[in-house]
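Data block below; observations after.
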Amino acid sequence: MNGEDLKIFCGSSNRELAEEIAQYVGVPLGECEASRFSDGEISISIRESVRGTNAFLIQPLCRPINDNILELLIIIDALRRASAQSINAVIPYYAYARQDRKTRARDPITAKLLADLITSAGANRVVAMDLHAGQIQGFFNVPLDHLTALPILANYFYDKDIKNGVVVSPDLGGVTRARDLAHRLRMPIAIIEKKRPSPNQSEVMNIIGDVKGKSAIFIDDMIDTGGSITLGAEALMQEGAKEVYACCTHPVFSGKALEKLSDSCIHEMVYTNSIPVDRGLRKGLRDCFKSLSVAPLIGEAIIRNQEKRSVSELFD
């Protein structure tokens with residue numbers, strides 16, 4: 001496509017994904033350098049003109065989360081002050097999304113705080129993918145395109161031609177996501193009923209649905225420590241499941257998650273490259289990890305925004 005008034009930039013959080021997206025769109029990745037002062041302050045230098053252009057900034061908010069958030073805000077500010085016509089913040093993984101409401105007195109709502117910061121910095125539009133909570137879309141006072149990697153995951157499992165399968169939601173809150181995948185794969189669903197005594201800890205309570213003799217496919221928006229998925233997989237096998245697959249959009253994989261997943265009874269762990277997973281950390285682990293690229297999906301959303309075409313039609 002003609003990229004004369006379109007420029008794509010990225011921060012340092014996932015340059016590999018940004019390069020894939022730029023290649024799909026057909027424009028070179030813009031020159032933007034992020035460095036640090038000796039005390040750790042972030043310094044941003046945009047080394048080409050952006051005056052009058054539609055700038056797309058790709059920056060998933062993964063580890064180191066707070067540094068990447070600040071980097072996003074500073075680059076947005078730099079683009080605004082350099083007279084970009086519009087600034088589109090492309091955020092494949094949106095951090096602090098789990099704090100989207102008050103569950104106790106004096107709790108912050110950091111998902112809303114982060115939305116305010118991004119808007120105040122100067123973003124005119126946000127492109128996000130598989131937000132942890134749908135209501136986060138309403139936290140922004142600028143247009144937001146909400147993408148989903150579910151069709152990518154569905155196509156992968158459809159090509160595997162799994163016989164007698166069942167899609168499993170790891171909790172009651174993920175039923176809509178599981179039902180969507182089940183509809184695409186023409187499979188029934190099951191639900192793990194659990195309680196969470198404290199953050200990042202879960203305890204399986206009950207399995208709702210028939211999993212005996214079936215190939216189970218766990219679906220979640222993110223996997224953090226891997227505790228819920230591995231515990232759920234054990235419960236499914238105890239209930240007679242033939243094998244267990246797991247898939248997610250965002251591979252947070254904090255702590256010993258990779259080792260935990262490798263040592264579990266999960267047959268295959270499928271995720272997207274919304275967050276980079278260090279290949280070196282997988283050395284010596286069981287070869288059960290599969291990464292799928294979301295670059296064509298995000299690239300197509302950028303093209304449609306540039307050409308003023310519908311983004312929602314991607315999922316019809």
Decide yes or no for [X] and [Y]: does some side-chain heavy atom of the first lie under 4.5 Å from some side-chain heavy atom of the second?
X	Y	value
N88	N124	no
V126	Y94	no
L72	L61	yes
V277	R282	yes

Query - Test log, rule salt bridge (charged side-chain N to carboxylate O under 4.0 Å, His left out), inputs D100 and K112 - result: CA-CA 7 Å; D100 62 303; K112 167 61 174 168; over 6 Å; no
**Report entry** With sequence neighbours excluded, residues passing side-chain contact (heavy atoms from CB on, under 4.5 Å) with R177
**Finding:** L150, I219, D220, D221
**Report entry** T119 side chain to N141 side chain, donor-acceptor N/O pair below 3.5 angstrom
**Finding:** no
Using only atom types and a distance under 3.5 Å, with no angle test, would you say the side chain of [X] pairs donor to acceptor with the backbone of [Y]?
X	Y	value
T272	T249	yes
S13	P60	yes
Q99	Y96	no
D210	K212	yes

Could you list the donor-acceptor pairs under 3.5 angstrom formed by side chains in residues 26-36, with sequence neighbours left out?
from	atom 1	to	atom 2	distance (Å)
E33	OE1	R47	NE	3.0
E33	OE1	R47	NH2	2.7

Same apolar cluster (I L V M F W Y, side chains within < 4.5 Å links), [X]/[Y]:
X	Y	answer
L297	V270	yes
I69	L17	no
I58	I118	no
I21	F9	no
L6	V311	yes

Query raised in the report: Do F157 and Y245 have their ring centres less than 6.0 Å from each other?
Result: yes
N/O donor-acceptor pairs under 3.5 Å from side chains in residues 180-187, not counting sequence neighbours:
from	atom 1	to	atom 2	distance (Å)
D180	OD1	R184	NE	3.2

Query raised in the report: Of the non-hydrogen atoms in G226 and A257, which two are nearest, and what is the gap between them?
Result: N-CB, 4.3 Å
Query raised in the report: Who else is in F37's hydrophobic cluster (ILVMFWY, side-chain heavy atoms under 4.5 Å, direct or via others)?
Result: none
Query - Qualifying residues under ring-ring contact (aromatic ring centres under 6.0 Å, His included), relative to Y93, sequence neighbours excluded - result: H250
**Report entry** Which residues share a ring-ring contact (aromatic ring centres under 6.0 Å, His included) with Y271, sequence neighbours left out
**Finding:** F253
Report task. For salt bridge (charged side-chain N to carboxylate O under 4.0 Å, His left out), just list the numbers for E243 and K160, CA-CA rounded to whole Å, side-chain angles, deciding distance to a tenth of an Å, and then say yes or no. Result -> CA-CA 14 Å; E243 59 187 352; K160 294 182 87 65; over 6 Å; no
